[in-house]
Amino acid sequence: MNQHQKKILVIRFSSIGDIVLTSPAIRCLRQQTGAQVHFLTKQAFLPLLEESPWIDKIFTIQRSLGEVLPALKKENYDCLLDLHVNLRSLRVRLALRCKTYAFHKLNLEKWLLVQLKINRLPDKHVVDRYLAAAAPLGVRNDGKGLEYFLPEAMPLPAQIPPGPYIAFAIGAAHGTKRLPREKIAAICSGIKCPVVLLGGAKEQQDGAFAAATAGPHVSNCCGQLNLHESAIVLRNAWKVIAHDTGMMHIAAAFKKEILSIWGSTVPALGMYPYFGKDSDNRSKIFEVNGLPCRPCSKIGFEKCPQGHFRCMRDIRDADIIRHANQPEA
């Protein structure tokens, strides 16, 4: 290593979507500053980063920062880019005592929108806010959008049907960000081409219900694929249907046509599909506008606080089906 090469530590502990959304900042840091880029995250999210050509070293934690702080101190970083901004990242900043740049989480503005339905949020995607935090380092948005790196020569899972298919990522960390399974099944029933359902183990039963209800053109892969396998299914899909989740952002990294479905959260929070300045915005947002209770949270709840769940139940299945069946423009 050139002894004058700078070394920068980037912090983002979680989660899937948030880490994928850091990819433009990481790429621009590495390409535009020439510095070594190190990344600190949780062990569970290592697969999201380990194939990136822009990251020189990754540090992970399972339970506590004590697992990595001694090693981080030995790196003698020139500066730190905090893209998480919580008590844990503050502890790292205090321990390393180097110049720090941090992104603005806009917690007050988010509180106003969720609690009082007053929107003072800037019309600025979180990706651009990440890049703004790195701007003092000479970093500028290169317009190329998100990236997701797969291992070389990784095959498509054997259970994926040949020919064009739609990937439907039915999962979400919180219940109010997921369509009821009856609506998932109804949408699948109306789609003319093969449909591949993606999700974790907790979505297996909903996926099985949708596949059994909708017909043999629906393949339930929930709980059967790891993160990279799910990503390659998204990459090879004709179109992607997804909730406000990490799978939506991975699909955006592959520049797919995305039909994104929004319940308790809203695109105004700055986490809608991001394609970059040099790419076509190939997404369609489905949401119920005008509900006085929406958004009820910036991340979601397990159940609707009002009990009616209109933010999802009132979404028109026919609208999603129509766009899913439309030929590519």
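Here the structure is a predicted model, which is why all the values come from computation and not from measurement.
Shown here for Lys256 and Arg235, the closest heavy-atom pair between the two residues is NZ-O, 3.0 Å. Shortest non-hydrogen contact noted between Ile187 and Ile321 is O-CG1, 3.7 Å. In terms of heavy atoms, Met247 sits closest to Ala169 at CB-CB, 3.6 Å. Taking each heavy atom of Ser297 and Gly300 in turn, the nearest pair found is OG-N, 2.8 Å. Taking every heavy atom of both residues into account, Arg294 and Asn289 meet most closely at NH1-OD1, 4.3 Å. Heavy-atom minimum distance, Glu75 versus Phe59: OE2-CZ, 3.6 Å.
In this structure, the separation between OG on Ser260 and CG on Asp244 is 8.0 Å, given to the nearest 0.5 Å. For the atom pair CG (Leu81) and OG (Ser89), the distance works out to 10.5 Å, reported to the nearest 0.5 Å. Taking CG of Asn325 as the start and CD1 of Ile320 as the end, the distance is 12.0 Å to the nearest 0.5 Å. Separating the CG atom in Leu65 from the CZ atom in Phe13 is a distance of 5.0 Å, to the nearest 0.5 Å. Separation of atoms CG (Leu80) and CG (Leu72) is listed at 9.0 Å; rounding is to 0.5 Å. A distance of 9.5 Å separates CG of Asn76 from CG of Leu96, quoted to the nearest 0.5 Å.
Applying the salt bridge (charged side-chain N to carboxylate O under 4.0 Å, His left out) test between Asp18 and each of Arg12, Lys42, Arg129 identifies Arg12 as the sole match. Paired with Met271 under the rule side-chain contact (heavy atoms from CB on, under 4.5 Å), one option of Leu21, Thr265, Thr245 passes, and it is Leu21.
Linking Ile, Leu, Val, Met, Phe, Trp and Tyr residues whenever their side-chain heavy atoms come within less than 4.5 Å places Val10 and Val20 in a single cluster. One hydrophobic cluster holds both Leu225 and Leu48 under the rule that ILVMFWY side chains link at heavy-atom gaps under 4.5 Å. Leu198 and Leu227 fall within the same hydrophobic cluster, where Ile, Leu, Val, Met, Phe, Trp and Tyr residues are linked whenever their side-chain heavy atoms come under 4.5 Å apart, directly or through other members. In the hydrophobic cluster analysis, where Ile, Leu, Val, Met, Phe, Trp and Tyr join through side-chain heavy atoms closer than 4.5 angstrom, Ile299 is grouped apart from Phe301. Criterion: ILVMFWY side-chain heavy atoms under 4.5 Å apart, direct or through other members. Under it, Val68 and Leu90 are not part of a common hydrophobic cluster.
Looking only at side-chain heavy atoms (C-beta outward), Thr22 and Phe39 come within less than 4.5 Å of each other. Using a 4.5 Å heavy-atom cutoff, the side chains of Arg88 and Ile61 are in contact. Counting heavy atoms from C-beta outward, Pro24 and Lys144 have side chains that stay 4.5 Å or more apart. Using a 4.5 Å heavy-atom cutoff, the side chains of Pro295 and Val114 are in contact. Side-chain contact between Leu259 and Ile166 is absent, with no heavy-atom pair separated by less than 4.5 Å. When side chains are defined from C-beta on, Val196 counts as touching Pro161, because their heavy atoms get closer than 4.5 Å. Asn236 is not listed as a side-chain neighbour of Phe254, based on a closest heavy-atom distance of 4.5 Å or more. Taking the side chain as every heavy atom from C-beta outward, Pro267 and Glu287 approach each other to under 4.5 Å.
No more than 12 heavy atoms of other residues, nucleotides or ligands lie within 6.0 Å of CD in Gln205, so this atom counts as exposed by the packing criterion. Counting heavy atoms of neighbouring residues, nucleotides and ligands inside a 6.0 Å radius, atom CG of Asn226 exceeds 12 of them. Heavy atoms of other residues, nucleotides or ligands lying less than 6.0 angstrom from CG of Leu87 number 12 at most. Atom NZ of Lys99 is surrounded by 12 or fewer heavy atoms from other residues, nucleotides or ligands within 6.0 Å.
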Checklist line | Full working for side chain to side chain contact (heavy atoms under 4.5 Å, CB included) between Leu197 and Cys188 | finding: CA-CA 9 Å; Leu197 303 180; Cys188 290; 3.8 Å; yes
Checklist line | Ile16 and His249: CA distance, side-chain angles, deciding distance, side chain to side chain contact (heavy atoms under 4.5 Å, CB included) verdict | finding: CA-CA 9 Å; Ile16 292 174; His249 298 302; over 6 Å; no
Next item on the list: Evaluate side chain to side chain contact (heavy atoms under 4.5 Å, CB included) for Val266 paired with Leu113, printing each intermediate quantity in order.
Entry: CA-CA 10 Å; Val266 293; Leu113 180 59; 4.1 Å; yes
Notebook entry, point to check: Given the rule in the side chain to side chain contact (heavy atoms under 4.5 Å, CB included) test, do His243 and Met312 qualify, once you have shown the distances and angles that lead to the verdict?
Noted result: CA-CA 11 Å; His243 300 123; Met312 281 297 192; 4.1 Å; yes
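Looking only at distances, no side-chain donor or acceptor of Thr60 sits under 3.5 Å from a matching main-chain atom of Thr41. Listed for the His84 side chain is no donor-acceptor partner under 3.5 Å among the backbone atoms of Ile11. A donor-acceptor contact shorter than 3.5 Å is absent between the side chain of Tyr101 and the backbone of Cys79. Judged by distance alone, with hydrogens and angles left aside, the side-chain atoms of Glu67 form a donor-acceptor pair with the main-chain N or O of Gln62 at under 3.5 Å. Panel note: side chain Lys57, backbone Gln36; no donor-acceptor pair is recorded below 3.5 Å. When atom types are taken as modelled, the side chain of Asp206 and the backbone of Arg181 share no donor-acceptor pair closer than 3.5 angstrom.
Note: Tyr272 and His125 meet the aromatic proximity criterion, with ring centroids under 6.0 Å apart.
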Acceptor/donor pairs from residues 26-35 side chains to any protein atom, 3.5 angstrom cut, sequence neighbours excluded:
| residue | atom | partner | partner atom | Å |
| --- | --- | --- | --- | --- |
| Arg27 | NE | Asp142 | OD2 | 2.7 |
| Arg27 | NH1 | Gly145 | O | 3.1 |
| Arg27 | NH1 | Glu147 | OE1 | 2.9 |
| Arg27 | NH2 | Asp142 | OD1 | 2.8 |
| Arg27 | NH2 | Asp142 | OD2 | 3.4 |
| Arg27 | NH2 | Gly145 | O | 3.0 |
| Arg30 | NE | Asp56 | OD2 | 3.1 |
| Arg30 | NH1 | Ala35 | O | 3.2 |
| Arg30 | NH2 | Asp56 | OD1 | 3.4 |
| Gln32 | OE1 | Arg140 | N | 2.7 |
| Gln32 | NE2 | Arg140 | O | 2.8 |
| Thr33 | OG1 | Leu29 | O | 2.4 |
| Thr33 | OG1 | Ala35 | N | 3.2 |

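Comment: Glu257 engages Lys239 in a salt bridge, judged by a side-chain N to carboxylate O separation of less than 4.0 angstrom.
Taking the six-membered ring where the residue is Trp, His38 and Tyr77 present perpendicular rings, their angle passing 60° and hence far from 30°.
Screening residues 298-315 for salt bridge (charged side-chain N to carboxylate O under 4.0 Å, His left out) gives Arg178-Glu302, Arg310-Asp314 as the qualifying pairs, with residues at least two apart or on separate chains. Residues in residues 187-242 take part in these ring-ring contact (aromatic ring centres under 6.0 Å, His included) pairs, two or more places apart or across chains: Tyr148-His228.
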